[in-house]
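What follows is a short report on a single structure.
One-based numbering along the sequence shown. Being a predicted model, the structure only gives us computed values, none of them experimental.
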Amino acid sequence: MPTLRFHAIKESLSNKPIVVEEKERRSVLFGQNVFNENTMRQYLTKDAFKGVMNAVKYGKKIDRSIADQVSSSMKDWALSKGVTHYTHWFQPLTGTTAEKHDAFFETIGDGIAIEKFGGDQLVQQEPDASSFPHGGIRNTFEARGYTAWDPTSPAFIYGSTLCIPTIFVAYTGEALDYKTPLLRALQAVDAAATEVCKYFDKNVKKVTSSLGWEQEYFLIDKALATSRPDITLTGRTLLGHSSAKGQQLDDHYFGSIPTRAFNFMRELETECMLLGIPVKTRHNEVAPNQFEVAPIFEEANLAVDHNSLLMDVMGRIASKHNLKVLFHEKPFAGINGSGKHNNWSLSTDTGVNLLAPGKTPMSNLQFLTFFINTIKAVHEHEELLRASIASASNDHRLGANEAPPAIISVFIGQQLTKVLEELEGVTKGKLSPEEKTELKLNVVGKIPDVLLDNTDRNRTSPFAFTGNKFEFRAVGSLANCGNPMTILNTIVAKQLQDFKEEVDKLIDKKDLKKDEAIFNVLREYIKSTKAILFEGNGYGKAWEEEAKKRGLSNNKTTPEALKAKVSDKTIKLFEEMNVMSAIETKARYEIEMEAYIMHIQIEGRVLGDIARNHIVPTAVKYQNVLIENVKGLKEIFDKKFATVSKEQINLIEEISSHIEGINSNVTKMINERKKANTVEDIEKRAMAYCNEVKPLFDEIRYHCDKLELLVDDEIWPLTKYRELLFTR
Ligand code: ADP
Ligand code: MG
C-alpha cells in the first residue's frame with residue numbers, strides 16, 4: 001500500500017490553479033464591508049456620528065442612547081449586505097482571534113420573529129471565557145470576563161457575520177487580551193509626545209502611533225502539508241533532510257510569483273480591500289515558496305487588528321486554493337525563516353511625521369528630539385524589547401540560525417551617526433550665537449539632504465532607522481503585533497516624559513532658552529546611549545562578544561528573555577505609564593511561560609511519535625530488504641560473498657546505529673519531560689524544557705534525517721523537503 005506521502009503527492013499534482021476574477025477596481029472595493037466613517041455618515045444620525053467620532057478621535061465615552069442608535073444602524077447596514085449574525089471579535093492571549101456568533105434573529109412571542117441588535121449587545125458581551133488564558137487572574141468562581149466595544153477600530157463584515165472589534169477584560173478590570181494594554185500604551189505615548197511637540201508647535205493636540213507590518217509566510221500545497229503530522233500539529237517541520245536545492249541560487253527572491261500562489265494573493269487582496277485592510281505590496285521572499293504581503297501603514301491599533309484579521313483570512317483563502325499558509329518563524333531548517341517587520345513612527349494631528357526630517361532647522365530639531373529619544377528608550381529597555389518578541393517559535397530565528405540576533409541594537413546609518421557626533425560636541429549650558437547659527441546651518445539644517453542619499457540598509461539589524469520610521473525587524477511572523485507595539489510605545493512614552501521633565505528643569509532652573517535646553521539634554525542622551533548603536537553585521541560571534549562588552553543583553557531563549565517582563569523596573573514602568581498593573585504584568589508572564597512549555601512539550605510528543613512510529617518501522621522494513629539481499633548473496637556467492645555484500649552489511653549496521661540513536665534519545669527525551677513536568681516552579685520548568693528537553697530534538701532529528709538519506713525513497717513515509725518546497 002502506498003504511503004500517505006504518495007497519496008499526497010498524487011493529489012498535489014492534480015491541484016490546478018484556481019482563477020479568480022477581479023470584478024471591480026480596488027479603490028471601489030476598498031472598505032465596502034467596513035462600517036467606516038463614510039458608511040457611518042450615511043447610516044447614522046448627526047448626533048450618533050459625532051458621538052462615535054469623538055470617541056475615535058478623543059477617547060470620549062459613548063453614552064447609551066447613542067450606542068442604541070449606532071447598533072440599530074449597524075444592523076440595518078449589515079442586513080442590507082445579507083449578514084445574519086454578529087460577534088464580538090477579540091484577541092485573547094492565545095495568539096489567535098476569538099469570536100462567538102449570535103444571530104440577529106429573536107422571537108417576540110406569538111410565533112413572531114424579528115431582527116434585533118441593541119446597544120447592550122454592541123457595547124458589552126460575556127463570552128464564556130473561562131478557558132482563555134488568564135494567568136491566574138480569574139479563579140474559577142469568578143471565571144467571567146467581558147468584551148467591550150472598541151469604537152476606534154471599525155466594525156466589519158466577514159462572510160455573513162458582523163464583527164465588532166472589542167477589548168477583553170476580567171470583571172475585576174484586568175486585561176485578558178492584547179488590545180487593552182495596547183490602547184493604554186497608545187494613550188500614554190499620545191500624552192507624552194503631545195507635550196514634547198508643544199516645544200515646537202503649540203497647535204498639536206494629538207500624536208498617533210503608526211504601524212506598517214510586513215508579513216512573511218510560506219505557502220505549501222495543502223495535501224502535502226497535511227501529510228506531515230509535524231506541520232499539522234506544530235506548524236513546522238520537526239525533521240526532514242534539506243533539499244539538494246534550497247535557496248542557494250537566490251532564484252526565488254523577487255522572481256515571478258508562481259501561478260497558484262499568485263491566484264491566492266489576488267483573492268486575498270480582494271478580500272482585504274473589502275475589509276479595508278490596505279495591502280499594497282506582494283512579492284516572493286528569499287526561501288522557496290516563501291512570500292510577503294505588506295499594507296500601507298495605519299494607526300497602530302487598527303494595524304494590529306488588521307494584521308490579526310489578515311492572518312485569519314489568509315488561512316481560509318489558502319485553503320480554497322488547496323494551499324496551507326505557514327506563519328511559523330522557522331518552518332524549515334536550513335533555509336530562511338519568516339518575520340514580521342514592524343515599521344513604526346509617530347505623527348501629529350497637524351500632519352507631521354515626527355520621525356521624518358523636516359525642511360527647517362526647527363522641524364529638524366523636532367525630528368532629532370524624537371529620533372534620539374527613541375534610541376534612548378531602546379537603550380534603557382533593550383532587554384524588555386527583546387522580551388516583547390520572545391516565543392518558542394521565534395527562538396529559532398533570533399540568534400539561532402539567522403539574523404536578526406537576540407541582541408537588540410539600533411542601526412541609524414552613517415549620515416545620522418555623523419549628525420549625532422556633531423551634536424555630542426554642543427557646549428554645556430548656554431550656547432553662543434555663533435554656535436547656534438552653526439548648528440542651525442550645518443548640523444540640524446543639513447539633515448534632509450543627507451538622508452536622501454542615506455540608502456545603505458543593514459538587513460541584520462533588529463531595530464533600524466529607515467529614513468522616516470524605525471523598523472523593528474525582530475518581531476516573529478506568528479506574533480500578534482500588539483505585544484511588541486505595546487512595549488515599544490510604552491518605553492517611548494516614558495522616555496518622552498522624562499525628557500520633558502529634564503528640559504523643563506533646565507529652562508526653569510538654569511535659565512536656558514528652549515532650544516539650548518533641548519540641545520543640552522540630547523547631548524547627554526547621545527553620550528549615554530552609544531552602546532545601543534551598531535552599524536555592523538549583527539550575525540555572528542564577533543558582535544556577540546562586542547555586545548557583551550557593551551553591557552547589552554543576549555537572551556537567546558524565551559525563558560531567559562521573558563524574565564525582563566517581570567523585573568521590578570518593568571513592573572514599575574507599566575504601572576507608572578498606566579499600561580498594566582503589577583497583577584496584569586505577572587499574569588502575562590505566566591501565560592507566556594506556560595505557552596512556551598506547552599509548545600516544546602507538544603513538539604516533543606510529535607517528534608517522538610514520528611521518530612518511533614513512522615521512521616523506525618520504515619528503517620526496519622528497509623533493513624529487512626537488505627538482510628534478505630545479503631542472505632541471497634550468501635546463497636549465490638561463496639568466496640566472493642564478503643566483497644559483494646560489504647556495502648549492504650555496512651548499511652545494515654548504519655541503519656541499526658541510527659535506530660539506536662533515535663530510540664535512546666526518544667527515551668531520554670520522554671524521561672526529561674517527565675522530570676520537567678514534576679517541577680513546581682514555572683520558571684524552572686520552562687528552563688528544564690529549554691535546556692534538557694529541547695536539545696534532544698536535534699539529536700533525534702539528526703538520526704532521522706540520516707536515515708532519510710539511506711532508506712529507499714519508495715517507502716519513505718514523510719513528504720520530503722524538496723516536495724514541500726518545490727511543488728508550486
Ligand atoms: P521594505 O522595508 O520592504 O523596503 P518599505 O520600507 O517601503 O518596505 O515599507 C514597509 C512598510 O513600512 C509598509 O507597510 C509601509 O506602509 C510602512 N511605512 C512607511 N512609512 C511609514 C511610517 N511613517 N510609519 C509606519 N510605517 C511606515
Ligand atoms: Mg522592511
Side-chain angles (χ1 to χ4, degrees), residues 17-43 56 74 77-87 89 91 97 99 150-165 210-217 219 257-285 291-323 325 327 340-343 477 480-481:
I18 294 169
V19 183
V20 184
E21 297 290 331
E22 275 187 55
K23 292 192 195 81
E24 297 252 32
R25 269 185 305 156
R26 297 190 172 192
S27 56
V28 178
L29 295 178
F30 190 72
Q32 273 189 9
N33 290 350
V34 184
F35 200 62
N36 54 20
E37 217 179 301
N38 222 350
T39 317
M40 283 195 284
R41 257 185 231 282
Q42 282 176 43
Y43 278 82
V56 173
M74 253 187 206
W77 170 72
L79 289 177
S80 78
K81 291 182 159 282
V83 167
T84 54
H85 287 66
Y86 65 91
T87 180
W89 181 85
Q91 298 162 65
T97 54
E99 44 195 83
D150 167 21
T152 62
S153 181
F156 57 89
I157 294 169
Y158 188 44
S160 55
T161 307
L162 171 68
C163 303
I164 297 139
S210 315
L211 165 64
W213 39 261
E214 300 165 58
Q215 179 73 53
E216 292 181 334
Y217 61 97
L219 265 188
I257 299 171
T259 313
R260 285 175 66 195
F262 185 71
N263 290 343
F264 155 81
M265 289 176 188
R266 294 208 352 161
E267 189 171 357
L268 172 66
E269 286 160 2
T270 302
E271 189 60 46
C272 284
M273 285 303 110
L274 292 170
L275 290 166
I277 307 174
V279 293
K280 187 172 165 72
T281 308
R282 62 177 180 218
H283 59 78
N284 291 356
E285 264 301 327
F291 307 93
E292 179 182 298
V293 52
I296 298 167
F297 67 94
E298 300 175 279
E299 183 276 320
N301 176 41
L302 188 57
V304 169
D305 279 2
H306 278 167
N307 182 250
S308 296
L309 179 57
L310 172 102
M311 289 170 77
D312 187 44
V313 175
M314 280 174 83
R316 300 186 201 210
I317 291 180
S319 192
K320 271 173 79 177
H321 289 257
N322 295 310
L323 294 164
V325 192
F327 287 116
K340 176 148 55 196
H341 295 180
N342 277 204
N343 294 273
S477 46
N480 184 306
C481 305

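Put simply, the side chain of Glu99 does not reach to within 4.5 Å of the side chain of Thr161, judged on heavy atoms. By the 4.5 Å heavy-atom criterion applied to side chains, Asp150 and Asn301 are counted as neighbours. Side-chain contact between Leu309 and Cys272 is absent, with no heavy atoms from C-beta onward closer than 4.5 Å. Side-chain atoms of Pro278 and Phe30, non-hydrogen and from C-beta on, do get closer than 4.5 Å to each other. Ile296 places none of its side-chain heavy atoms less than 4.5 Å from the side chain of Glu298. Using a 4.5 Å cut-off on side-chain heavy atoms (C-beta onward), Ile18 and Arg260 make no contact. In this structure, Leu310 and Trp213 have side chains that are in contact, with non-hydrogen atoms separated by less than 4.5 Å. No side-chain heavy atom of Met311 sits under 4.5 Å from any side-chain heavy atom of Asn480.
If you run side-chain contact (heavy atoms from CB on, under 4.5 Å) between Tyr158 and each of Val83, Leu274, Thr87, Val313, only Val313 comes through. Remark: of the listed residues Met265, Arg282, Glu285, Met265 is the sole one forming a side-chain contact (heavy atoms from CB on, under 4.5 Å) with Phe291.
Note: Met314 CE to Asn307 CG = 9.5 Å, rounded to the nearest 0.5 Å. In this structure, Leu275 CG and Thr270 OG1 are separated by 11.0 Å, a value rounded to the nearest 0.5 Å. Here the CD-OG1 distance, from Glu269 to Thr281, works out to 9.5 Å after rounding to the nearest 0.5 Å. Distance check: Leu323 CG to Asn263 CG gives 9.5 Å after rounding to the nearest 0.5 Å.
The environment of Lys81 atom NZ is dense: over 12 non-hydrogen atoms of other residues, nucleotides or ligands sit within 6.0 angstrom.
Here the shortest heavy-atom pairing between Lys340 and Ser477 reads NZ-O, 3.1 Å. Scanning all heavy atoms of the two residues, the minimum distance from Ser153 to Pro165 falls at O-CG, 3.4 Å. Of all the heavy atoms in Leu211 and Ala303, the pair that sits closest is O-CB, 3.5 Å. Between Phe327 and Glu216, the shortest heavy-atom distance links the atoms CD2-O, 4.4 Å. Annotation for Ser308 and Gln91: closest pair OG-OE1, 2.7 Å, computed over non-hydrogen atoms.
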Next item on the list: For Trp77 and Leu162, run side chain to side chain contact (heavy atoms under 4.5 Å, CB included): C-alpha distance rounded to whole Å, both residues' side-chain angles, the deciding distance at 0.1 Å, then the answer.
Entry: CA-CA 10 Å; Trp77 170 72; Leu162 171 68; 3.8 Å; yes
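One side chain, Thr39 or Asn36, offers a donor N or O that lies under 3.5 Å from an acceptor on the other. Side-chain contact of Asn33 with Glu271: a donor-acceptor pair under 3.5 Å is absent, judged by distance alone.
Applying the side-chain hydrogen bond (donor to acceptor under 3.5 Å, both in side chains) test to Glu22 and every residue at least two apart in sequence or in another chain returns Arg26, Arg266. Asp312 meets the side-chain hydrogen bond (donor to acceptor under 3.5 Å, both in side chains) test with Arg316; sequence neighbours excluded. Applying the ring pair (Phe, Tyr, Trp, His ring centres under 6.0 Å) criterion to Phe156, with sequence neighbours excluded, gives Trp89.
By the 30° and 60° cut-offs, the orientation of the rings of His321 relative to Phe264 is perpendicular.
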